[in-house]
Amino acid sequence: MTALASDAHRGRNRAGDRDTAVVLGLDVGGSSVKHLLARADSSMSEPPTPLARGRNATPISAPAEALAAIAETIRGDRALARLVLSIPGIVDEENGVVIRSANIPALDGSPLGSQLETALGVPVDVINDGHAAAVAEASWGAGAGIDDVFVLALGTGIAGAHVIDGRVVTGAHGSAGELGHITIDPLGRACSCGRRGCLETIIGAPALRDAWTEVGGRGGPEALFEAFAQGDGAATAIVRRASSALAEAILTLCAVVDPGGIVIGGGLAQAPHHLVTLAERYVRERATFHRVPPIVPATLGGWAGANGTVLTALRRQRVAG
Ligand SMILES: [Zn+2]
């Protein structure tokens, strides 16, 4: 808490900050909470200069109380106008309820929004972390300037979010964008969703690790990409297959959604860009009627989610105001 406290303290000492209404965004992860504090009258056309920015350990045992304490510490004596939190898991954004969070099981079923509204006395919104990262990338990151962006996150799983005019299109039941479960090979490996051969079973980090181990490789995806870069035959076959699967999913996306831009981020896309580069080549080679938009790497990295919470807070504050 020392770093957190000093961060908030520094912000408070800036001239003129004290009387300014602020919004706070908390990106709650499995191992840490990132915070961004900004003036409530910040422009939404670019990321605001934060009044406070930092991270501290995730409180696992009593998350609502701990998150309220974190918010109180950061707000200090400033007038807090709104708090937005992003949570990894399934969230009922309308009612501020965490349905299920694999990373923070203590939050399962908790009405976090209303708990924090009671504790802090300000409006609180709870949103999905992937949605938060997607709106930030679409508005302030690689998708800035494009009205209709599909944001893909490649990691353990494959997450997707279609962002139009800065808002995630969640679908009638809140489950749109599950690109990781597009079927690539109906006879392929069993997927966590209960079906077979989904994109995730070929390109997710565990799938790449398994494929690499089966041919005698050591280490995870990074070692695989390193071997690919050095021309290893087995690694090349795995990376090509994964990129090909991603390309098929992107072509499906273009056929169904026709986005104005595709932003690709997440752990697998961040370090080596082999997968994305190769996939983009396949997409352009295989496209027929498809209108293939720019395919670009995400730019906000690990702070995309926190930026998304602040952007959401600013936007909802304007609507409410
Ligand atoms: Zn699946």
Side-chain angles (χ1 to χ4, degrees), residues 29-30 86-93 98-105 108 127-134 137 149-163 168-215 220-221 224-225 237-259 262-270 274-276 278-280 282-283 286 290 295 298 305:
S86 68
I87 303 290
I90 302 168
V91 177
D92 174 356
E93 298 187 1
V98 180
I99 308 289
R100 192 161 57 84
S101 175
N103 293 347
I104 315 169
D108 283 6
I127 61 177
N128 167 267
D129 63 343
H131 289 176
E137 280 293 348
V149 185
F150 200 95
V151 182
L152 265 170
L154 310 181
T156 302
I158 313 296
H162 188 197
V163 185
V168 176
V169 179
T170 57
H173 310 94
S175 58
E178 291 284 358
L179 210 67
H181 298 288
I182 278 185
T183 306
I184 301 294
D185 177 4
L187 303 176
R189 298 197 171 194
C191 180
S192 61
C193 74
R195 287 172 53 81
R196 286 193 171 274
C198 297
L199 179 63
E200 272 185 26
T201 68
I202 300 171
I203 195 180
L208 290 175
R209 177 186 294 271
D210 289 351
W212 182 225
T213 303
E214 280 167 21
V215 297
L224 166 68
F225 292 129
I238 295 168
V239 172
R240 281 187 179 159
R241 180 164 183 262
S243 300
S244 175
L246 178 58
E248 290 304 317
I250 290 174
L251 284 168
T252 301
L253 180 65
C254 291
V256 176
V257 169
D258 185 23
I262 297 174
V263 175
I264 303 184
L268 283 181
Q270 266 172 22
H274 304 304
L275 269 181
V276 177
L278 203 51
E280 180 175 9
Y282 291 149
V283 167
R286 297 173 190 175
H290 312 76
I295 300 173

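First listed ligand is number 1; within each ligand, the first listed atom is number 1. Everything quoted here is computed from the prediction, not taken from an experiment.
Applying the side-chain contact (heavy atoms from CB on, under 4.5 Å) test to Arg286 and every residue at least two apart in sequence or in another chain returns Ser244, Ala247, Glu248, Leu251, Tyr282. Take Arg189 and apply the salt bridge (charged side-chain N to carboxylate O under 4.0 Å, His left out) test, not counting sequence neighbours, and it matches Glu214.
Between atom CG of residue Leu246 and atom CD1 of residue Ile158 there is a gap of 7.5 Å, rounded to the nearest 0.5 Å. A distance of 7.5 Å separates CG of Leu199 from OG1 of Thr201, quoted to the nearest 0.5 Å. To the nearest 0.5 Å, atoms CG (Asp108) and CZ (Arg100) are separated by 7.5 Å.
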Sequence neighbours left out, cut at 3.5 Å: what donor-acceptor pairs do the side chains of residues 174-184 make with other protein atoms?
| unit_1 | atom_1 | unit_2 | atom_2 | d |
| --- | --- | --- | --- | --- |
| His181 | NE2 | Glu200 | OE2 | 3.4 |
| Thr183 | OG1 | Arg195 | NH2 | 3.0 |

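Less than 2.8 Å away from the Zn ion (ligand 1), the protein contributes these N/O/S atoms: His181 ND1, Cys191 SG, Cys193 SG, Cys198 SG.
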